[in-house]
Amino acid sequence: MNPQAEQLNERLRQHGATAYALLSRLGKAMYFPKIGILNQSAEAKSKAHTFNATIGIATEGNGPMHLGVIQETLSAYSPNDLYPYAPPQGKPELRKAWRAKMLKENPSLQGRTFGDPIVTNALTHGLSIAADLFADEGDAVIMPDKNWENYELTFGVRRGANIVTYPLYNDAGKFNAAGLQEAIVAQASKGKAIVVLNFPNNPTGYTPTEAEANDIIAAVKAGAEAGVKQAVVTDDAYFGLFFEDSVRESLFGKLIGLHPLVLPVKVDGATKEEFVWGFRVGFITFGSESAEANDVLEQKTLGTIRGAFSSGSHPSQTFVLRALEHPDFEKQRDEKVGILKSRANRVKQVLDGGKFEDAWEYYPFNSGYFMCLKLKTVPAEALRKHILEHHGVGTIALGDTDLRVAFSCLEEGDIERIFDLIYQGVKELEQIAVK
Ligand SMILES: Cc1ncc(COP(=O)(O)O)c(C=O)c1O
């Protein structure tokens with residue numbers, strides 16, 4: 001093993017024994033070269049006053065060399081904020097602004113120790129960093145049965161981890177904290193689990209109430225008391241899109257300091273909450289109570305970034321930073337959240353109108369982009385294909401019974417008609433089945 005990785009591991013053993021024990025083989029081997037090109041360049045940036053011949057970009061005059069055909073479309077921005085490489089950990093101002101936003105929107109983080117957010121190539125990449133650092137072949141990755149399908153690739157296919165699911169809802173249609181606890185405690189003999197908490201949930205659009213959130217935290221704690229070390233990853237992709245009486249904070253805050261065997265890891269980003277899907281700007285933040293341990297985890301994260309694609313897109317980071325700093329940012333974002341909330345309300349109104357009861361029920365939802373129907377009479381995939389081919393309506397089939405509808409991309413005035421068409425599709429399929 002590289003001595004720099006060994007040094008990091010030693011620091012982590014001393015200051016974050018749980019984080020060390022949770023590291024995968026890759027996580028243990030990972031380091032960010034202290035004496036490498038990037039660090040030497042960074043040192044020269046502050047000290048090389050005569051000539052700086054370190055950086056791997058081309059310069060001209062006092063700035064980065066660039067082409068007029070690109071700059072003319074981006075003239076609101078300084079070339080320095082677009083063309084040079086961003087540092088692998090991300091633009092410092094953006095990291096600072098995101099941390100300030102996290103604190104403002106999550107009061108439970110006040111006074112807590114946690115690392116600085118590290119910029120990722122959006123949330124998928126944040127999740128894959130967590131998978132690289134913590135998941136080994138056969139490790140349990142615990143998530144509800146209704147989950148974002150890409151976890152399978154990120155944790156299962158890429159890292160060989162074992163996806164363990166529990167039913168998201170209990171019989172009362174509430175979050176099934178008992179199922180979560182059971183799944184964690186079942187890992188007691190292995191002593192390790194990665195727990196993914198995704199609220200608002202994809203695909204159901206569900207976020208727990210305060211009481212349910214406390215039950216989730218208690219379940220994680222009970223798992224730790226049973227001896228299971230846990231990297232608890234909060235996937236906060238749809239953060240802020242809360243429409244009813246759910247919690248309005250990430251569970252990350254409640255997880256920090258919960259138990260010595262729990263390492264909270266927050267994955268979030270601008271993608272969904274700032275409506276910039278293609279920019280690819282996200283963050284990963286470590287919630288060890290030891291600043292030293294968070295620093296080691298940051299170094300290892302930088303190693304994975306450097307080893308995969310060196311650094312994220314600089315223009316995207318500049319665009320997001322500019323938005324966060326703009327005085328109208330919150331107002332504009334709140335307006336868009338309001339539009340999504342009206343659509344969610346309209347969906348509920350249409351579904352509660354009593355027209356569709358023989359065809360489906362719906363899973364509780366109160367947030368995010370989506371809702372899910374639970375079909376009673378026809379298979380989800382058959383219905384998906386049928387309404388696509390015969391009515392031009394696109395939905396996502398999940399498993400045998402569930403059909404995901406993204407109200408985020410439906411105009412409020414179209415919502416009733418779409419559910420009418422889905423219902424018509426159900427009836428047509430039922431007829432075909434009878435014949
Ligand atoms: C729950 C969840 N997490 C993460 C992501 C990935 O987000 P990004 O586009 O920022 O990689 C998605 C996107 O659909 C998602 O639904």
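Just follow the structure's listing: the first ligand is 1, and inside any ligand the first atom is 1.
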Checklist entry - Quick one: side chain to side chain donor-acceptor pair (under 3.5 Å) pairs with a partner in residues 384-399, sequence neighbours left out? => result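 The answer is Glu381-Arg384, His386-Glu428, His391-Glu428.
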
Checklist outcome for this item: Near ligand 1 (heavy atom, under 4.0 angstrom), the protein residues are Ala122, Leu123, Thr124, Trp148, Tyr151, Asn198, Asn202, Asp235, Ala237, Tyr238, Thr271, Lys272, Arg280

Item to check | Under 3.5 Å side-chain donor-acceptor pair for Tyr206 and Asn201 | outcome: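 There is no such pair (donor and acceptor under 3.5 Å, judged by atom type) between the side chains of Tyr206 and Asn201.
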
Next on the checklist: Quiz question: by atom type and distance under 3.5 Å, do the side chains of Ser310 and Arg306 form a donor-acceptor pair?
Outcome noted: yes

Next on the checklist: If the condition is salt bridge (charged side-chain N to carboxylate O under 4.0 Å, His left out), which residues does Lys104 pass it with, not counting sequence neighbours?
Outcome noted: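 Checked Lys104 against salt bridge (charged side-chain N to carboxylate O under 4.0 Å, His left out); matches are Glu330.
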
Next on the checklist: Whether the side chain of Thr234 engages the backbone of Leu197 through a donor-acceptor N/O pair (distance < 3.5 Å, no angle test) should be reported.
Outcome noted: no

Next on the checklist: Restricting to ring-ring contact (aromatic ring centres under 6.0 Å, His included), what partner residues turn up for His66, sequence neighbours left out?
Outcome noted: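 By the ring-ring contact (aromatic ring centres under 6.0 Å, His included) rule, His66 matches Tyr83.
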
